[in-house]
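We count ligands from 1, going down the list as the structure has it; atoms in each ligand are counted the same way.
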Amino acid sequence: MRNEEHIKSFVKRSGRITNVQRYFLKNKKNNHNFFTPTETINLYKLFDNKNPCVLDIGFGDGKLLSNIAKINTNINFIGLEVYESGIGNILKQIEKSNLSNLKVSNIDAVSFLKKYVQNNSFYGISLFFPDPWPKKRHYKRRIINANFLENMLMKIKKNGFVKIVTDWENYGERIIELLDENKKFEKIQDISIYKERILTKFEKRGISQGNRIIDLTYKAK
Ligand SMILES: C[S@@+](CC[C@H](N)C(=O)[O-])C[C@H]1O[C@@H](n2cnc3c(N)ncnc32)[C@H](O)[C@@H]1O
């Protein structure tokens, strides 16, 4: 495996795309809420202000992320999603709510962090219901592992946070183990941005199946 390659935490598949999603995808290059990084990002330039910035990885249908951005106008948000339908969806939501503090990209979060993000730049990084890859032989595809935690740690500021929510018990327990083993993280109470957040599709499904929701917030010491 070449150095910059890594095992992908997703499998690219062409899902169903609605007409509205297609419209936004077709015009995404001219949409200032969409960006494709080609060099290290300057967050101040990207948002034209110095507000703290939170990165959300794998926003899915985008409803939670756009809702949080709408409520927290003094914080900037970057959302990453590899599925195009999600990008089309969130661009529609950003336009509808006229949000200037949320920008999105259609890029693998692992490459994004490594190639385009300065160290000590984010206020926080969130992952809501990362793909659990339940079969043991697929655990290697899980996005959260010791390396990825280190990469996240490097990219957040001192006292910045990492928030991870899952309903997959065995993944959640492993994440707790990894966070506790990494002595540079410290468990904290939930931070105010996420108080009274709406439930995501995956969270609703987990609850309806009787799964325990493991909701973790850690700060970088
Ligand atoms: C189970 S879904 C959860 C979606 C959303 N956060 C929610 O709770 O509804 C996981 C999402 O992560 C995205 N994803 C997986 N690996 C990714 C990666 N390396 N970079 C960006 N997005 C990724 C997938 O495309 C998928 O939409």
Atoms in ligand 1 flagged as close to [X], the criterion being non-hydrogen separation under 4.0 Å:
| X | result |
| --- | --- |
| Ile107 | 20 (N), 21 (C) |
| Phe128 | 3 (C), 5 (C), 6 (N), 8 (O) |
| Ala109 | 18 (C), 19 (N), 20 (N), 21 (C) |
| Asp108 | 18 (C), 19 (N), 20 (N) |

message = For atom 21 (C) of ligand 1, which of the options Asp167, Val82, Leu64 provides the nearest non-hydrogen atom?
response = Val82
Under a 3.5 Å cutoff, is there a donor and acceptor pairing between the side chains of [X] and [Y]?
| X | Y | value |
| --- | --- | --- |
| Thr73 | Asn101 | no |
| Asp131 | Tyr171 | no |
| Asn147 | Asn145 | no |
| Asp108 | His6 | yes |
| Asn170 | Tyr139 | yes |

Under-4.0 Å heavy-atom contact with ligand 1, by part of Ile143 that carries it = side chain
request  = Report the part of Phe59 in contact with ligand 1, treating N, CA, C, O as backbone and CB onward as side chain, heavy atoms under 4.0 Å; options are side chain, backbone, both, neither.
outcome  = backbone
Which residue holds the protein heavy atom closest to [atom], what is that atom called, and what is the gap in Å?
| atom | result |
| --- | --- |
| atom 1 (C) of ligand 1 | Phe129 O, 2.9 Å |
| atom 9 (O) of ligand 1 | Phe202 CD1, 3.1 Å |
| atom 17 (C) of ligand 1 | Ser9 OG, 3.5 Å |
| atom 5 (C) of ligand 1 | Gly58 O, 3.4 Å |
| atom 15 (C) of ligand 1 | Asp131 OD2, 3.3 Å |

request  = Please confirm whether Tyr116 and Phe35 have ring centers closer than 6.0 angstrom.
outcome  = no
request  = Output yes when Asp180 and Lys187 qualify as a salt bridge under the 4.0 Å nitrogen-oxygen rule, no when they do not.
outcome  = no
ask   = Would you call Asp215 and Arg197 a salt bridge, using N to O less than 4.0 angstrom?
value = yes
